[in-house]
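Only one structure is covered here, and it is reproduced in the block below.
Note that the structure is predicted; figures quoted are calculated from it, not measured.
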Amino acid sequence: MSQNPPPVSTRRWWTLVTVALAQLMVVLDSTVVNIALPSAQADLGFSNADRQWIVTAYSLAFGSLLLFGGRLSDLIGRKRAFIIGLIGFAGASALGGAAGSFGMLVGARALQGAFGALLAPTALAVLTTTFTIPKERARAFGIFGAIAGAGGAVGLLLGGFLTEQFDWRWNLYINVVIAIVAIIGATIFVNSVARSGPRPKLDVPGTILVSGALFSLVYGFSNAETDGWDSPQSWGLLAASGVLLIAFVLWQRRAAHPLLPLSIVLDRNRGASYSSILIAGAGMFGIFLFVTYYLQTTLKFSPIQTGLGFLPMIVMLVIAAQLSTNIFVPRFGPKVMVPIGMTIAAIGMVYLTHLGVTANYATDVLPALMILGTGMGSIMPAAIQTATLGVDRHFAGVASAMVNTSQQVGGSIGTALLNTLAATAATDYIASHLPPTPSVAAEAAVHSYATAYWWGAAFFVFGAILSALLYRRRGDGASLGNPGGTAGAAADAPEPTEPVIAH
């Protein structure tokens with residue numbers, strides 16, 4: 001006689017564990033490979049100019065296919081899409097780990113990005129449709145938001161350990177291990193449900209337009225990072241992105257089966273959330289990239305020491321995320337918590353600007369990282385939870401994809417702008433402190449990092465003002481205490497009070 005299935009509530013929390021593993025795998029992969037790059041370059045013998053493609057190939061495929069991946073999960077069923085995404089991501093990771101040439105590694109990274117574009121929005125959509133009771137939803141999104149914010153720092157820690165103790169290839173192989181556990185969890189705990197009503201069609205023109213727009217946008221900013229802002233190719237790609245985005249919006253207004261119903265992004269609360277995630281993604285880039293450079297090149301930390309250096313930030317982020325979602329967001333709402341989180345993060349960035357060529361980690365770096373962790377832990381859970389609130393579950397996948405798209409585009413913008421501003425600051429510093437001795441070069445590097453931190457702080461200040469203006473007051477339309485609220489969203493339908501088992 002077969003055993004009774006576990007209670008529904010227990011299944012929901014095991015579903016969260018499964019989704020969290022998948023999300024961690026996707027998020028940490030954006031930084032874990034960065035640590036492995038020098039070793040991979042020495043092993044495979046590719047040039048410094050080619051090195052960027054290990055990162056760019058992933059971000060191009062991931063960023064351009066996110067909305068398509070999210071909508072595909074709505075159409076074929078979330079459990080099926082989730083498992084396909086896990087298997088594909090694991091297979092691409094194994095291919096990259098076994099790569100014997102630069103071309104094979106770049107191809108594997110592009111495949112990772114493509115399957116990640118299916119996996120990331122599907123994971124969030126499973127969470128959105130599984131947790132509909134406000135209190136449980138808050139706890140689940142607190143955990144998910146913490147992972148979304150801390151995954152990059154976890155990647156630095158894991159990447160340093162794997163590279164030093166094993167081999168750079170294990171930065172890719174580790175995904176196979178995580179994916180196997182997640183596949184088993186998805187098979188057991190994520191249920192399929194029969195679709196009611198006719199199966200909607202895929203918006204092929206909309207998919208082509210938005211994928212081309214996002215590809216051009218990410219590629220344009222990546223190209224500006226390497227070739228500079230005076231590159232005609234960079235501006236041509238960004239202009240093409242703008243034209244394609246306008247065409248996409250116009251098409252969505254008349255499409256019978258739109259890829260992204262405009263009501264999803266035009267709702268004030270969701271629009272504020274997507275904007276906040278984009279701005280936080282751009283600002284966070286300055287933390288991971290430039291603090292990593294500072295710790296390793298200026299303070300001479302090893303990769304493992306660098307990863308451990310970020311650990312207190314992760315701890316504070318997790319604590320702040322849990323306090324925010326369980327206590328503060330239900331009481332004050334995102335209109336209060338997101339601007340407060342942005343302000344705290346801005347303070348942390350300003351704190352980093354005082355770092356010099358010599359510094360004490362405990363007194364100079366640690367407090368700033370803890371402040372930043374607190375800020376991000378206040379922003380991400382509230383913003384992610386609100387970004388998918390009140391959306392018709394038939395569009396949960398594409399609404400979730402907008403979360404990942406916002407974070408990806410923000411990261412791309414942050415990469416290009418902050419790197420360009422930092423490089424310009426370093427060049428100007430050396431030009432005004434001739435001759436360019438090693439000590440002047442070291443000072444120039446620190447000065448360039450400080451410039452990036454100031455601009456990162458400016459991003460967060462802008463995010464605080466924008467989110468304070470855009471988010472509705474509590475009780476005005478959809479709120480976190482009213483998961484069925486759909487003010488301003490014609491395509492949204494009230495969610496049931498009982499949990500919906502995800503596709």
Intermediate values then yes/no, side-chain contact (heavy atoms from CB on, under 4.5 Å), Thr374 and Leu317
CA-CA 5 Å; Thr374 303; Leu317 192 152; over 6 Å; no
Residue pair Ile340, Phe332: steps toward the side-chain contact (heavy atoms from CB on, under 4.5 Å) verdict
CA-CA 11 Å; Ile340 286 176; Phe332 302 111; over 6 Å; no
Atom pair [atom1]/[atom2] of [X] and [Y] - distance to nearest 0.5 Å:
X      : Y      : atom1 : atom2 : answer
Gln407 : Met284 : CD    : CE    : 9.0 Å
Leu67  : Met402 : CG    : CE    : 6.5 Å
Met337 : Thr386 : CE    : OG1   : 11.5 Å
Ile384 : Ser276 : CD1   : OG    : 11.0 Å
Arg71  : His257 : CZ    : NE2   : 9.5 Å
Ser216 : Phe221 : OG    : CZ    : 12.0 Å

Testing the basics here: between [X] and [Y], what is the closest heavy-atom pair and its distance to 0.1 Å?
X      : Y      : result
Met313 : Leu369 : CG-O, 3.1 Å
Ala320 : Gly373 : CB-O, 4.3 Å
Ala22  : Leu119 : CB-CD1, 4.1 Å
Ala272 : Leu470 : CB-CB, 3.6 Å
Leu372 : Ala345 : CD2-O, 3.2 Å
Ala92  : Leu111 : CB-CB, 3.7 Å

Donor-acceptor check, side chain of [X] to backbone of [Y], threshold 3.5 angstrom: yes or no?
X      : Y      : result
Ser467 : Ala464 : yes
Arg270 : Val265 : no
Ser211 : Ser64  : yes
Arg78  : Val126 : no
Asp74  : Val398 : yes

Check side chain to side chain donor-acceptor pair (under 3.5 Å) between [X] and all other residues, then give those that pass, not counting sequence neighbours.
X      : answer
Tyr471 : Ser273
Trp168 : Asp43
Asn326 : Gln322

Once you measure the plane-to-plane angle for Tyr219 and Trp53, does it fall in the parallel (<30°), tilted (30-60°) or perpendicular (>60°) bin?
perpendicular
Please identify each residue that fulfils side chain to side chain contact (heavy atoms under 4.5 Å, CB included) with Leu366, with sequence neighbours left out.
Pro312, Tyr361, Met370
Listed by chain and number, what are the side chain to side chain contact (heavy atoms under 4.5 Å, CB included) partners of Phe248, not counting sequence neighbours?
Leu209, Val210, Gln252, Leu259, Leu260
Within-4.5 Å side-chain heavy-atom neighbours: Arg472 and Asp267
yes
How about Val26 and Phe62: do any of their side-chain heavy atoms sit closer than 4.5 Å?
yes
Working for side-chain contact (heavy atoms from CB on, under 4.5 Å), residues Phe460 and Thr343
CA-CA 7 Å; Phe460 282 120; Thr343 303; over 6 Å; no
Atom pairs and distances, side-chain donor-acceptor, residues 172-183, under 3.5 Å, sequence neighbours left out:
residue	atom	partner	partner atom	Å
Tyr173	OH	Gly97	O	3.1
Tyr173	OH	Ala98	N	3.3
Asn175	ND2	Asp29	OD1	2.8
Asn175	ND2	Ser93	OG	3.1

Yes or no on side-chain contact (heavy atoms from CB on, under 4.5 Å) for Phe290 and Leu352, after CA distance, side-chain angles and deciding distance?
CA-CA 10 Å; Phe290 295 104; Leu352 286 171; over 6 Å; no
Exactly one candidate in Leu65, Leu66, Leu72, Thr405 meets side chain to side chain contact (heavy atoms under 4.5 Å, CB included) with Pro121; the answer is Leu66
